[in-house]
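A note on names: the letters A, B, ... follow the listed sequences, proteins ahead of strands, and every chain is numbered from 1. FYI, side chains are in, hydrogens and waters are out, and symmetry mates aren't considered; it's all heavy atoms of this structure.
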Protein chains: 2
Amino acid sequence: MSIMLLAPRPESPRSDPTPAAHDRVYRGLRTRIMHGAIAPGQALTLRGIGAEFGVSMTPAREAVRRLVAEGALQLSSSGRVSTPELTNERIEELAALRALLEVELASRALPRAHMALIDRLQTINASIGEVIEAHDAVGYIRTNLEFHRTLYLRAQAPAMLAMAETVWLQLGPTMRKLYGRLQRRETPHFHKLIIAALKAGDEPGLRLAVRSDVTQGLRMLTT
Amino acid sequence: MSIMLLAPRPESPRSDPTPAAHDRVYRGLRTRIMHGAIAPGQALTLRGIGAEFGVSMTPAREAVRRLVAEGALQLSSSGRVSTPELTNERIEELAALRALLEVELASRALPRAHMALIDRLQTINASIGEVIEAHDAVGYIRTNLEFHRTLYLRAQAPAMLAMAETVWLQLGPTMRKLYGRLQRRETPHFHKLIIAALKAGDEPGLRLAVRSDVTQGLRMLTT
DNA sequence: GCCGAGGGTTTGTGATCACATGTCGATCAT
DNA sequence: ATGATCGACATGTGATCACAAACCCTCGGC
């Protein structure tokens with residue numbers, strides 16, 4: 001085990017008066033998994049999770065159950081918890097789902113896209129270059145997802161966005177393997193195409209660019 | 001061979017002698033919600049659920065957490081559990097998701113559809129007539145979903161099917177209101193179109209029929 | 001040397017409990 | 001009669017415990 005960060009404070013002086021324990025654990029784990037901070041097949045224990053977040057097993061179990069329901073974690077037949085190791089078929093299916101959902105989200109966001117949104121996307125895209133420079137795989141995934149989420153938020157389709165995020169969650173640990181393997185040296189080409197299509201109001205171009213961006217990386221994962 | 005070290009299968013896939021308590025509760029509630037056996041806005045209590053299934057609060061809580069994660073249940077700010085009352089925007093979004101996912105599933109199932117599948121679909125479709133005759137709203141929803149699931153199972157896309165079922169789950173309580181309101185007297189027209197398109201191997205026709213079938217009913221729910 | 005059996009340890013499960021908070025109803029003052 | 005206030009009850013939360021099963025490491029036999 002590596003560093004152990006403790007949060008033994010039952011009451012936090014934060015703005016939120018009641019940060020439920022199980023929710024803190026859930027969010028903490030979810031972020032780590034989605035950003036690829038945990039390798040595929042990594043085993044977790046309820047007591048370990050509880051200790052790390054300074055809570056007992058009960059909230060840890062609830063957080064794990066929730067993540068299992070979203071496909072972010074796997075339960076062995078005996079109840080052991082681990083991040084899933086995806087088969088090639090599963091990866092291709094999830095990539096197809098990303099394409100299906102995100103093309104639709106982008107298409108719905110297009111008519112609502114102002115200049116301010118495009119500026120934000122360009123800012124995020126620029127910072128992707130920085131994390132690439134730093135060889136920061138987790139940072140790359142996080143910033144890349146932030147780019148997509150920023151665009152899709154404009155679609156005003158929360159259920160659809162939630163489903164897309166669920167797919168990201170399932171792909172998180174596997175994506176780490178991809179971006180840890182290939183050494184990128186430039187910001188994603190398709191992000192520029194997405195921004196260009198947004199500026200031009202070109203819907204077919206946008207759909208193609210999003211589909212390409214989503215499919216491109218995942219295809220390299222299937223060995 | 002030393003393969004036996006790898007997979008010491010303790011449980012047969014047929015019948016599990018000891019289904020975990022939380023899983024029994026989860027499946028029981030899930031089925032009821034998906035089939036529209038619980039009205040929208042209905043409040044539930046952990047102790048009540050536990051008493052009903054003969055377990056303590058702990059498994060009940062885990063089952064509820066899982067269903068909340070799937071959007072089948074709602075948590076009030078104070079943690080009270082209830083089935084959600086969907087807004088019109090939400091219903092339309094979920095209908096769009098159904099269309100998106102199920103058209104793709106049907107399309108993938110088409111090249112794998114044998115005559116045996118079509119026969120099964122026709123049998124299910126016939127039994128829809130019976131439940132309509134009996135004015136059985138829950139039975140109608142269940143049989144209708146069975147029709148769709150039977151078709152989509154052929155797509156060999158478990159993640160996509162799981163997402164579609166999650167959408168059904170979210171729409172469950174609301175669907176009850178629809179099918180309880182309108183008095184159907186004949187089996188769904190679009191199911192016949194789906195079967196016809198399957199027989200003809202007509203992919204565009206199949207996509208249109210599925211989209212129509214999915215959209216038709218839900219449109220009446222708004223307002 | 002390798003395989004299998006044994007036992008100590010780890011791990012998940014479910015019940016129970018103490019506690020805080022929310023909810024609902026009754027009572028009382030106006 | 002109506003509205004607010006207070007209190008009893010209901011409800012979710014998280015910790016702890018006992019228990020069974022699984023896992024892993026070691027040891028002994030072939």
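Residues forming a side chain to side chain donor-acceptor pair (under 3.5 Å) with B:E146 (at least two apart in sequence, or on another chain): none. Residues satisfying the side-chain contact (heavy atoms from CB on, under 4.5 Å) test with A:R112, not counting sequence neighbours, are A:R154, A:Q156. With sequence neighbours left out, A:I33 forms a side-chain contact (heavy atoms from CB on, under 4.5 Å) with A:I38, A:L67, A:A72, A:L73, A:L169, A:P173. Residues that satisfy the side-chain contact (heavy atoms from CB on, under 4.5 Å) test with B:A106, not counting sequence neighbours, are B:L151, B:Y152, B:L206, B:V210. By the side-chain contact (heavy atoms from CB on, under 4.5 Å) test, B:T58 pairs with A:R61, B:S56, B:E62, sequence neighbours left out.
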### Summary of protein contacts for nucleotides 7-13 of chain C, nucleotide by nucleotide, where a base hit scores B, a sugar-phosphate-only hit scores S (4.0 Å, heavy atoms)
----BBB
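Atom pair B:F53:CZ and C:dG14:C1' shows a separation of 16 Å (rounding to whole Å applied).
OP1 or OP2 of D:dA15 lies within a sub-4.0 Å distance of a side-chain N or O belonging to A:S56.
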